[in-house]
Amino acid sequence: MASFLSAPNFELAATLDSGQVFHWQEEPDGAFSGCVGDRLLILRQAADGVLVEPADGVESAISYLRLDQDHQAVLDSFPKEDAVLAAAVAYCPGLRIIRQPYWECLATFLTSSLKQVAHIRQISLRVRRELGEPRELGAIQSSAFPTPSAVAEAGESRLRELGLGYRAGFVHRAALLLASGAMRLEDGEQLDDSELLEFLLQFDGVGEKIANCVRLFGYGRLGAFPVDVWIERIFRERYFEGREVPRKELAAFLVHHFGRYGGYAQQYLFHHARTSWGKSRSRP
DNA sequence: GTCCAGGAGAGGC
DNA sequence: GCCTCTCATGGA
């Protein structure tokens, strides 16, 4: 039995397939199945909303999809004179920043370095299937992301078998720290934005880019602005007339130009470029 | 076969 | 501080 969740101006498919999360499976009927934390949900786009199965999964769907936030306020905060951003928003206005559990967000982005989205997805699904707890709903199956203990116990060589390559050590060491209680990701909640950045940088394999992904997609710090190869390309070609922009200069520009919801702006720009700039990956 | 990917760390200068 | 090299792997 499904339950209807009212959500005007929301695009489910784009939100689940915009490089934030990597485990949602599209079913033959167009629904999406996947775990939200420990629980399997089936989500389906409807007019002005989402159908959620099971029906009592609505609350977690609202939180996960950030449907409890005034989205228009986010859009209204964007700089009005920015035509590049305006085009990206117009391309997919219903995109949301998902609220991900801290550990699966950190672990997934630790495996993302120097990987294409399709490959991150493949590894992410394999890790869930091999090490996570399986869940079922009718004929649909999915697995939760394995706990730090499960990953710690699996070991680095097992993670290498699953395709993580040199990232296996990063993920395994982070799992050991969390499973032992030596570090607790919940401790990041009360830190301010810059303290949280320093906190996350303590993990081996986490640099500024991955830390910003975790700040944005995990801790919901909507001003955090991850800079990856796509973002660099966008700014070089669309904002700086082909000029190579030093990281520091770019960071300074981002903070003052996009404001408190900069992370949202970043996600719009990233999604637009990645899905519409064509497969030729060079010039638009 | 070649190029590249939601990077980070170590080493050299 | 900045520059360069290296780290696995599979999709395009």
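Quick note: numbers below take in every heavy atom, side chains included, and nothing from hydrogens, waters or symmetry partners.
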d([atom1], [X]; [atom2], [N]) in whole Å:
{"X": "A/Lys115", "N": "B/dA8", "atom1": "NZ", "atom2": "P", "answer": "15 Å"}
{"X": "A/Phe22", "N": "C/dG11", "atom1": "CZ", "atom2": "P", "answer": "16 Å"}
{"X": "A/Glu161", "N": "C/dG10", "atom1": "CD", "atom2": "P", "answer": "13 Å"}
{"X": "A/Leu201", "N": "B/dG9", "atom1": "CG", "atom2": "C1'", "answer": "13 Å"}
{"X": "A/His172", "N": "C/dA8", "atom1": "NE2", "atom2": "P", "answer": "17 Å"}
{"X": "A/Trp277", "N": "C/dA12", "atom1": "CH2", "atom2": "P", "answer": "20 Å"}
{"X": "A/Phe170", "N": "C/dC7", "atom1": "CZ", "atom2": "C1'", "answer": "8 Å"}
{"X": "A/Ile210", "N": "B/dA8", "atom1": "CD1", "atom2": "P", "answer": "4 Å"}

Under 4.0 Å between any heavy atoms, over every strand shown, what does [X] touch: base, sugar-phosphate, or nothing? Just pick one.
{"X": "A/Ser18", "value": "base"}
{"X": "A/Val206", "value": "sugar-phosphate"}
{"X": "A/Gly19", "value": "base"}
{"X": "A/Phe217", "value": "base"}

Keeping [X] on the side-chain end and [Y] on the backbone end, is there a donor-acceptor pair under 3.5 Å?
{"X": "A/Glu104", "Y": "A/Phe145", "value": "no"}
{"X": "A/Arg66", "Y": "A/Ile97", "value": "yes"}
{"X": "A/Ser142", "Y": "A/Leu40", "value": "no"}

Of all the choices, B/dG9, B/dG7, B/dC4, which nucleotide is nearest to the side chain of A/Asp204 once you look at every atom?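 Looking only at side-chain atoms, A/Asp204 lies closest to B/dG9.
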
With A/Asp70, which residues qualify under salt bridge (Lys or Arg N to Asp or Glu O under 4.0 Å), at least two apart?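 For A/Asp70 there are no salt bridge (Lys or Arg N to Asp or Glu O under 4.0 Å) partners, ignoring immediate neighbours.
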
In whole angstrom, give me the gap between the P atoms of B/dG11 and C/dA8.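 Approximately 16 Å lies between the P atom of B/dG11 and that of C/dA8.
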
Does [X] come within less than 4.0 Å of [Y], counting only side-chain N to carboxylate O?
{"X": "A/Glu249", "Y": "A/Arg243", "answer": "yes"}
{"X": "A/Arg44", "Y": "A/Asp29", "answer": "yes"}
{"X": "A/Arg274", "Y": "A/Asp228", "answer": "no"}
{"X": "A/Asp193", "Y": "A/Arg260", "answer": "no"}
{"X": "A/Arg247", "Y": "A/Glu208", "answer": "no"}

A/Arg160 side chain N/O closer than 4.0 Å to the phosphate oxygens (OP1, OP2) of C/dA8?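 Result: yes.
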
Below 4.0 angstrom from OP1 or OP2 of B/dA5, is there any side-chain N or O of A/Arg233?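 Affirmative; the distance criterion is met.
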
For the base of B/dG9, is there a side-chain donor-acceptor partner from A/Tyr166 under 3.5 Å away?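 By the distance-only test, no, there is no pair.
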
Identify, residue by residue, the members of residues 257-270 of chain A with a heavy atom below 4.0 Å from DNA chain B, and return them in order of residue number, or none.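 The stretch gives A/Gln266, A/Gln267, A/Phe270 as the residues lying under 4.0 Å from the strand, ordered by number.
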
With the threshold set at under 4.0 Å for non-hydrogen atoms, list the residues of residues 118-125 of chain A touching DNA chain C in residue-number order.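 A/His119, A/Gln122 - these, ordered by number, are the residues of the stretch whose heavy atoms sit under 4.0 Å from the strand.
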
Which distance, rounded to the nearest 0.5 Å, do you find between the CZ of A/Arg99 and the CG of A/Leu67?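 Atom-to-atom, A/Arg99:CZ and A/Leu67:CG are 9.0 Å apart.
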
